[in-house]
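What follows is a set of notes on a single structure, which appears directly below.
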Amino acid sequence: MKIKALNGFKDIVPGEVELWQKVENTARDIFSRFNFSEIRMPILEKTDLFARSIGEATDIVEKEMYTFIDKQITMRPEATASLIRAYIQHGLHVQKPVQRLFTIGPMFRHERPQKGRLRQFHQMDAEVLGTATPRVDSEIMAMGAMLLQELGITVSLEMNSLGCPACRPGFREKLLHFIEERMDKLCDNCKRRSKTNPLRVLDCKNPRCREEVEEAPSILEHLCADCDEHFTQVQKGLQDLDVQYSLNKFMVRGLDYYTRTTFEFITEDLGSQAAVGAGGRYDGLVEKLGGPKVPGIGFALGMERLILLLQQQEDVETDSATVDIFVASLGDTASEFAFPLVHALRQKGLLTAMDHEGRSLKSQMKQANKASAKFVLILGENELEQGQAVLKNMATQEQQDIAILSDNNEMASSLLERCQ
RNA sequence: GUGGGUGUAGCUCAGUUGGUGGUAGCACCUGGUUGUGACCCAGGAGGUCGUGGGUUCAAGUCCCAUCACUCACCCCA
């Protein structure tokens with residue numbers, strides 16, 4: 001019986017990992033341009049942290065978490081809760097009033113795997129804590145858009161406001177009333193959801209439900225004065241930064257902690273996994289987790305989904321490492337001479353390869369070619385006797401004789417010069 | 001948790017009305033005269049046909065079960 005990776009868990013092997021590196025490198029570059037600092041948190045946290053932040057009644061907490069029940073600890077299903085826990089624990093709000101943080105890593109949810117959805121998946125997460133200014137809302141969306149654009153991924157940005165504790169309850173009542181009038185026309189799921197989380201009825205995918213809620217009251221028309229002004233300023237900010245967006249009054253969020261601005265980066269090229277990234281404001285969360293009363297906003301990008309989109313494109317460039325110099329040796333004497341020379345070349349900083357299996361020169365040339373080696377140093381019995389080696393430029397096919405030096409360090413320096 | 005689809009070489013796949021597993025492609029190894037890559041040619045290696053039952057003289061092929069993968073629902077990044 002072969003041992004295989006668990007269902008929903010994937011290896012990222014050479015050939016694919018280059019794409020991941022490209023995505024990570026691009027993200028680090030963009031985050032850094034926006035003056036974000038990296039933070040890394042542990043994968044295991046107390047179960048209570050997620051229950052309190054994400055919400056007891058959400059699907060994630062109810063049935064999707066990997067929990068060690070006896071120890072009351074859970075593998076994080078998302079990053080925001082852990083990040084805020086760390087923010088509070090280390091008093092980051094004291095060190096700097098506004099913290100701009102990002103993190104990249106694996107998350108775990110026990111869902112049925114499908115395209116763009118794994119049980120161990122990876123997210124890139126950016127959060128700004130300590131400011132409620134609508135400018136940051138615009139800025140963070142602009143950052144996400146810039147990152148996706150840099151990667152060559154085309155998405156649309158949809159945005160909504162969920163209001164705040166001052167205006168949402170009132171809207172909720174109105175919506176509930178609207179739903180109850182049409183209850184018999186809604187699907188079973190919506191009937192259930194109308195009790196647990198009526199806002200979710202708004203984004204049901206069932207066409208009949210969509211038709212029914214088309215005329216539903218919009219939260220945007222029920223925002224309190226502060227939320228309304230905030231939302232207006234966010235939109236102005238996006239226009240100032242020339243970021244394209246559209247309003248979606250049906251967009252709600254699955255996690256309980258969101259307030260005011262929410263947004264999603266949406267693609268049509270991933271089947272049912274339309275959201276490549278999503279986020280929003282969570283002004284009450286830090287305080288709820290026992291921290292200072294500071295507002296926050298953030299978003300997460302699903303890396304598997306980004307990778308799938310990149311793989312769907314033709315000619316995506318990734319820079320995989322190529323061998324600077326391949327040392328081909330013939331016979332035991334030459335091979336023994338080559339072994340420490342290769343080490344010296346590596347100490348000089350060259351990406352160096354050699355064959356330890358005693359294969360033919362032809363085979364070694366093939367290996368060099370396959371590794372896209374720029375140069376091959378050929379060391380044969382004849383060369384050693386004459387104190388000469390052959391350096392071949394693989395692209396131009398030019399060969400030159402070079403003197404073998406007894407000192408590996410000097411020999412390596414000499415080769416380094418010629419291989420530039 | 002609920003449906004549908006698919007399981008043959010490392011990967012992508014042929015395999016007829018049931019009749020000996022494919023000179024298939026990619027990748028790999030070795031050769032194609034002394035020691036030189038790409039292209040080409042030849043040869044080689046690589047398999048419990050997902051697993052377990054059943055029908056049959058005979059099963060990769062038909063039937064049942066099971067597992068895995070996958071897509072979708074749900075939910076979400």
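Heavy-atom basis, side chains included; hydrogens, waters and symmetry copies ignored. Reminder, nothing fancy here: chain letters follow the sequence lines and each chain counts from 1.
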Rounding to an integer number of angstrom, what distance separates A9(B) and U23(B) when you compare their C1' atoms? 15 Å
State which of A38(B), C28(B), C76(B) makes the closest approach to the side chain of Asn369(A). A38(B)
Presence of donor-acceptor pair under 3.5 Å, side chain of Gln399(A) and base of U36(B): yes
Paired runs of 3 or more consecutive Watson-Crick or G-U pairs involving RNA chain B, with both pairing distances under 3.5 Å, are B:1-7 with B:67-73, B:10-12 with B:24-26, B:28-32 with B:40-44, B:50-54 with B:62-66
Would you indicate what Leu301(A) reaches in the nucleic acid, counting non-hydrogen atoms under 4.0 angstrom: base, sugar-phosphate, or nothing? nothing
What are the two closest heavy atoms between Leu151(A) and Val23(A), and how far apart are they? CD2-CA, 4.0 Å
Gap in Å between the two P atoms, one belonging to C39(B) and one to G25(B), rounded: 15 Å
Determine whether Ile43(A) and Phe108(A) make a side-chain contact, defined as any pair of heavy atoms from C-beta on separated by less than 4.5 Å. yes
Grab the CG-C1' distance between Leu6(A) and C69(B) for me, whole Å please. 14 Å
What residues 51-64 of chain A contributes to the RNA chain B interface at heavy-atom separation below 4.0 Å is Asp59(A), Glu64(A)
Say you pick atom P in U51(B) and the same atom in G10(B); how far apart are they, in whole Å? 13 Å
Quick one: does any side-chain atom of Ser138(A) pair with a main-chain N or O of Val234(A) as donor and acceptor, under 3.5 Å? yes
Gln244(A) atom CD, neighbour heavy-atom count above 12 within 6.0 Å: no
Quick one: on RNA chain B, does Leu270(A) or Leu118(A) contact a more 5' nucleotide (nearest heavy atom)? Leu270(A)
Checking Ser413(A) against Lys348(A): is there a side-chain donor and acceptor pair closer than 3.5 Å? yes
Expected output is a numbered-order residue list: members of residues 378-394 of chain A with a heavy atom under 4.0 Å from any atom of RNA chain B. What is it? Ile378(A), Asn382(A), Glu383(A), Lys392(A), Met394(A)
Base, sugar-phosphate alone, or nothing: which one does Gly279(A) contact when heavy atoms must sit under 4.0 Å apart? nothing
Met365(A)/Met394(A) under side chain to side chain contact (heavy atoms under 4.5 Å, CB included): CA gap, chis, key distance, verdict: CA-CA 9 Å; Met365(A) 293 300 291; Met394(A) 293 294 275; 3.9 Å; yes
Counting the atoms with a prime plus P, OP1 and OP2 as sugar-phosphate, which does Ala368(A) contact under 4.0 Å by heavy atoms, base, sugar-phosphate, or nothing? nothing
Check for a donor-acceptor pair, side chain of Thr259(A) on one end and backbone N or O of Asp283(A) on the other, with a separation under 3.5 Å. yes
Whole-Å C1' distance, G4(B) and G18(B): 28 Å
Derivation and outcome, side chain to side chain contact (heavy atoms under 4.5 Å, CB included), residues Asp137(A) and Met159(A): CA-CA 11 Å; Asp137(A) 301 39; Met159(A) 185 174 52; over 6 Å; no
Between CD1 of Ile266(A) and C1' of C76(B) the distance, given in whole Å, is 12 Å
Nucleotide N/O of nucleotides 30-34 of chain B paired with protein N/O under 3.5 Å:
from: G32(B); atom 1: N7; to: Lys362(A); atom 2: NZ; distance (Å): 2.9
from: G32(B); atom 1: O6; to: Lys362(A); atom 2: NZ; distance (Å): 3.2

Mind checking whether Phe102(A) and Phe31(A) have parallel, tilted or perpendicular rings, split at 30° and 60°? tilted
At under 4.0 Å between heavy atoms, which parts of nucleotides 1-9 of chain B does protein reach? Answer with one letter per nucleotide, 5' to 3': B base, S sugar-phosphate only, - none. BB-------
May I ask you to check if Arg182(A) and Phe178(A) form a cation-pi contact, with NZ or CZ under 6.0 angstrom from the six-membered ring centre and within 45° of the axis? yes
If each of Leu361(A) and Ala278(A) is mapped to the nucleotide of RNA chain B with the nearest heavy atom, which maps nearer the 5' terminus, i.e. the 5' end? Leu361(A)
Please give me the minimum heavy-atom distance between Arg52(A) and Gly290(A), naming the atom from each residue. NH2-N, 4.1 Å
Find the distance between CD (Glu139(A)) and CD1 (Ile297(A)) and round it off to the nearest 0.5 Å. 10.0 Å
For the P atoms, the ones on G46(B) and on C62(B), what distance do you get once it is rounded to whole angstrom? 29 Å
Would Gln312(A) and Asp269(A) count as having a side-chain donor-acceptor pair, cut-off 3.5 Å? no
Treating Arg260(A) as the side-chain partner and Phe231(A) as the backbone partner, does any N or O pair qualify as donor plus acceptor under 3.5 Å? no
P gap between U61(B) and U55(B), integer Å: 15 Å
Check this for me: does the side-chain of Gln114(A) come within 3.5 Å of the base of C74(B) through a donor and an acceptor? yes
Going 5' to 3' through nucleotides 41-47 of chain B, assign each nucleotide B (protein heavy atom under 4.0 Å from a base atom), S (under 4.0 Å only from sugar-phosphate atoms) or - (no protein heavy atom that close). -------
On a whole-Å scale, what distance lies between the C1' atoms belonging to G7(B) and A65(B)? 16 Å
Considering only side-chain heavy atoms of Ala300(A), which listed nucleotide, U36(B), A77(B), C28(B), is closest? A77(B)
Counting C-beta onward and ignoring hydrogens, is there a side-chain heavy-atom pair between Phe337(A) and Ser329(A) closer than 4.5 Å? no
Does a salt bridge link Glu150(A) with Arg33(A), judged by any charged N lying under 4.0 Å from a carboxylate O? yes
Checking the side chain of Arg109(A) only, and the main-chain atoms of Pro77(A) only, is there a donor and an acceptor separated by less than 3.5 Å? yes
If you measure from the C1' atom in C49(B) to the same atom in G21(B), how many Å do you get, rounded? 8 Å
